[in-house]
Every structure is written in structure tokens, then in C-alpha cells.
Amino acid sequence: MTTTPHLKVAIIGSGPAGYTAAIYTARANLNPTMFTGLQPGGQLTITTDVENYPGFAEAVQGPWLMEQFRAQAENVGTTLLAEHVESVDFSKRPFTLTTDTNKTYTADSVIISTGAQARWLGLESETKFQGYGVSGCATCDGFFYKNQEIAVIGGGNTAVEEALFLTNFASKVTLIHRRDELRAEKVLQDRLLNHPKVEVLWDHVLEEIVGDDNPKSVTGLKAKHVKTGAITDLKVSGVFIAIGHDPATKLFKGQINLDAEGYIICPPGTTNTNIEGVFAAGDVQDKLYRQAVTAAGQGCMAALDAERYLATLETTSTLKAASK
């Protein structure tokens, strides 16, 4: 007879939020089990220089930083499973999780840290230079482009906000938009269009990113006019793709409350979802900051929230047993 493994804390997804939640719950003797998912370590595993994570005087490599997170989580007692959770049932307790290996687990509490992915255009050259001049995060990488010319792709709030932010570093920012008008809020449009460092290339789409192989770096791009097909060559050293993010929440649709963009809804200042005992941390619920350090902070919050929840659960069970 096969026994279904039962967990006090199940963590779905890794990255800074998941690993931090694992570290805190492990140190609270809650024996967490983490399902590392399809991209162990999250978005930092495709990031090269990380210069804004506290504690490191010099820039560190994203994959190396995630290896340290992982090692620390393991060292304090986290069980790491290289499995992807394919379905969950939060309608009854304990909660049930089923993975891609057809294994089923039950859990008293669940921390969701599945993150969000930047949307990409799908160009071969875009993939080639990811982390070497192509980025999906201005606040993460803008600092590396001081006094350089760069391009931002997109026309919504995300693109305009990132372009404006990048003017703090770049000598020139070219916003490339496929339409002849922006979709961003009017106040953002006014700021962008009146900024002396910004130029907008209307009615164009990114056709190709060009660069060197040794060392790997971006040197320019080709943009195609959507009506005439004419190609414009730009010399830039960085390309920021700003067409939005997709939170990894399809798994929880219909069980966890999501906003219109698919992010998990948590009351401000908490990691609580609409289901007691299920918590969410990191980019899966944070569409504003999306930083490694804020994700780690929310991972800590989720762990503490889970610890309090489990303590209450245990107290309630003890009182029920004593009253019999």
C-alpha cells in the first residue's frame, strides 16, 4: 500500500522568494519541501551581473547567487525536489499537490513562489544576447548603461516607465513602438515626449538585435517599419524589452483570487491569499517592484505567516483533543 507523503510546508517554485521562505521555515523546524519547478532559481538564473543585491561589494553572477540561496536552504534542512507541480486542490484540508512525476503529496500549508516571466518577442537574436545587452528589467540593469545609447521596445506603461527610468543613466533612449501612438497613461506620455534624452521611433518593430560574439555584447539593432517594410539601423549597446510580464498562476486559477493580469491578490503588508494556509511571495503577487531583494523579503514574510498559521492549527487541534 502506497502512503501519500504529508508535508507541514510545501513551497511551490524557487527563486529568491521560495528559497528565503525555505530557509526561514526550515529554521523554524517546519521541515519544508520545495518543488523547484521548471526553472530552478527563477529569473536570476538568466541574469549575468547582479550589482543591487545587498551584501556583495562587487557584482555577482545571477546563477551563482541562486546556487548560494539553494545551498543555504539545503544546509538548514529544506528538502528540494526537482519536480513541477501540475495540479493543486485547495478545496479541502490537508491540501493536495500532484506533480509531473504522477506523485501526490498532502500539505498543511503551501507557499506559492512561482514568479513571473518577462514577455519576450521570440527573436533568435533576442535569446542569443539575453544577459549580454538584452534585458527585461530596467531597474535591474540600467546602471550598466551609463552614458550609452539604448533602446526600449514597447508602448504601454511598462515601456514608458522603463524608458524614463533609463534616462537617469543613458545618454539617449530610443523607444520603439509598433503603432503611431502610445498606450501609456497621458501623464507618462507627456513626460516621455518632452524628455530631451528620449526619441520615439513610431510604427516600427524590432527585427533583429546585432552584436559581437567575443566578448558577447550588443552593438545595435534593426527595426522594420510596419507599413513600408523599410529597415532602420540603430547603434545601441542595450535593448530593453518592455512588453509586460506573465505571472505563473495558471495552476491556481479558479482556486486562488487573481487580479485582471493574473497576479495573486494579497492584502497589503501580508502574503495571505483568499485561502487560509496558502501564502504567496515574490513576483507572483508583486507587479510593482519585481526585485530579487523584495522577493526575498516577501519569502521571509510568507514563512513567518505560515509559521503563525501552523502554530494556530496545532493549538486548535490540541484543544479539540483535550475537550474529548
Side-chain angles (χ1 to χ4, degrees), residues 11-23 34-75 78 80 82 84 113-121 123 125-146 148 150 152 158 162 165-166 169 209 211-218 237-248 281-300:
I11 301 172
I12 305 175
S14 46
Y19 285 136
T20 304
I23 291 164
M34 172 185 282
F35 299 89
T36 57
L38 297 176
Q39 188 181 13
Q43 292 188 70
L44 277 184
T45 59
I46 58 170
T47 302
T48 50
D49 289 345
V50 176
E51 207 169 43
N52 58 0
Y53 197 87
F56 301 95
E58 303 292 335
V60 297
Q61 297 295 298
W64 176 87
L65 183 59
M66 286 299 91
E67 286 173 7
Q68 300 307 302
F69 270 70
R70 179 188 176 100
Q72 187 176 1
E74 283 187 300
N75 288 343
T78 304
L80 298 174
H84 173 66
S113 56
T114 47
Q117 297 291 327
R119 292 179 195 147
W120 301 101
L121 297 169
L123 299 174
S125 56
E126 175 191 54
T127 303
K128 176 181 178 180
F129 290 106
Q130 254 178 47
Y132 298 92
V134 173
S135 172
C137 179
T139 50
C140 306
D141 301 324
F143 180 80
F144 299 112
Y145 297 92
K146 282 186 174 180
Q148 299 177 50
I150 57 178
V152 175
T158 298
E162 298 224 334
F165 175 80
L166 289 165
F169 310 102
I209 297 166
D212 296 328
D213 289 329
N214 190 21
K216 191 180 289 187
S217 60
V218 169
S237 52
V239 179
F240 289 81
I241 311 298
I243 56 176
H245 288 74
D246 293 314
D283 290 8
V284 76
Q285 63 119 313
D286 171 23
K287 58 184 175 183
L288 180 60
Y289 299 105
R290 296 197 302 264
Q291 299 298 302
V293 68
T294 52
Q298 287 187 352
C300 167

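What you see below is based on every heavy atom in this structure, not just the backbone, and it leaves out hydrogens, waters and symmetry mates. These numbers come from a predicted model, not from an experiment.
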Qualifying salt bridge (charged side-chain N to carboxylate O under 4.0 Å, His left out) pairs, either residue in residues 50-67, two or more places apart: none
Closest approach of Ala242 to Thr158 (non-hydrogen atoms, all atoms of both residues): CB-CG2, 4.0 Å
Heavy-atom pair of closest approach, residues Thr78 and Ile23: OG1-N, 4.4 Å
Salt bridge (charged side-chain N to carboxylate O under 4.0 Å, His left out) contacts in which one or both residues fall within residues 126-146, not counting sequence neighbours: Lys128-Asp213
Minimum heavy-atom distance Met34-Ser14, with the two atoms named: SD-CB, 3.8 Å
Residues that Gln61 engages under side chain to side chain contact (heavy atoms under 4.5 Å, CB included), provided they are two or more places apart: Thr48, Asp49, Pro63, Trp64
Pairs of donor and acceptor atoms involving the side chains of residues 283-297, under 3.5 Å and at least two apart or interchain, shall be tabulated with distances.
residue: Gln285; atom: NE2; partner: Ala280; partner atom: O; Å: 3.0
residue: Asp286; atom: OD1; partner: Leu288; partner atom: N; Å: 3.0
residue: Asp286; atom: OD1; partner: Tyr289; partner atom: N; Å: 3.0
residue: Asp286; atom: OD2; partner: Arg290; partner atom: N; Å: 3.1
residue: Lys287; atom: NZ; partner: Asp259; partner atom: OD2; Å: 2.8
residue: Lys287; atom: NZ; partner: Glu261; partner atom: OE2; Å: 2.8
residue: Arg290; atom: NH1; partner: Lys287; partner atom: O; Å: 2.8
residue: Gln291; atom: NE2; partner: Thr139; partner atom: OG1; Å: 2.7
residue: Gln291; atom: NE2; partner: Tyr289; partner atom: O; Å: 3.0
residue: Thr294; atom: OG1; partner: Gln291; partner atom: N; Å: 3.2
residue: Thr294; atom: OG1; partner: Gln291; partner atom: O; Å: 2.9

Residues in disulfide bond (SG atoms under 2.5 Å apart) contact with Cys140, at least two apart in sequence or another chain: Cys137
Residues which pass ring-ring contact (aromatic ring centres under 6.0 Å, His included) with Phe129, listed by chain and number, not counting sequence neighbours: none
Under the salt bridge (charged side-chain N to carboxylate O under 4.0 Å, His left out) test, residues paired with Asp246 that sit two or more places apart: Arg119
Contacts of Phe165 that satisfy ring-ring contact (aromatic ring centres under 6.0 Å, His included) - sequence neighbours left out: Phe169
Partners meeting ring-ring contact (aromatic ring centres under 6.0 Å, His included) with Tyr19 (sequence neighbours left out): none
Check: Gly13 main-chain N/O paired with Ser113 side-chain donor or acceptor under 3.5 Å: yes
Contacts of Ala248 that satisfy side chain to side chain contact (heavy atoms under 4.5 Å, CB included) - sequence neighbours left out: Thr114
Ser237: partners by side-chain hydrogen bond (donor to acceptor under 3.5 Å, both in side chains), with sequence neighbours left out: Gln148
Residue list, side chain to side chain contact (heavy atoms under 4.5 Å, CB included) with Ser125, at least two apart or on another chain: Leu123, Glu208, Ile209
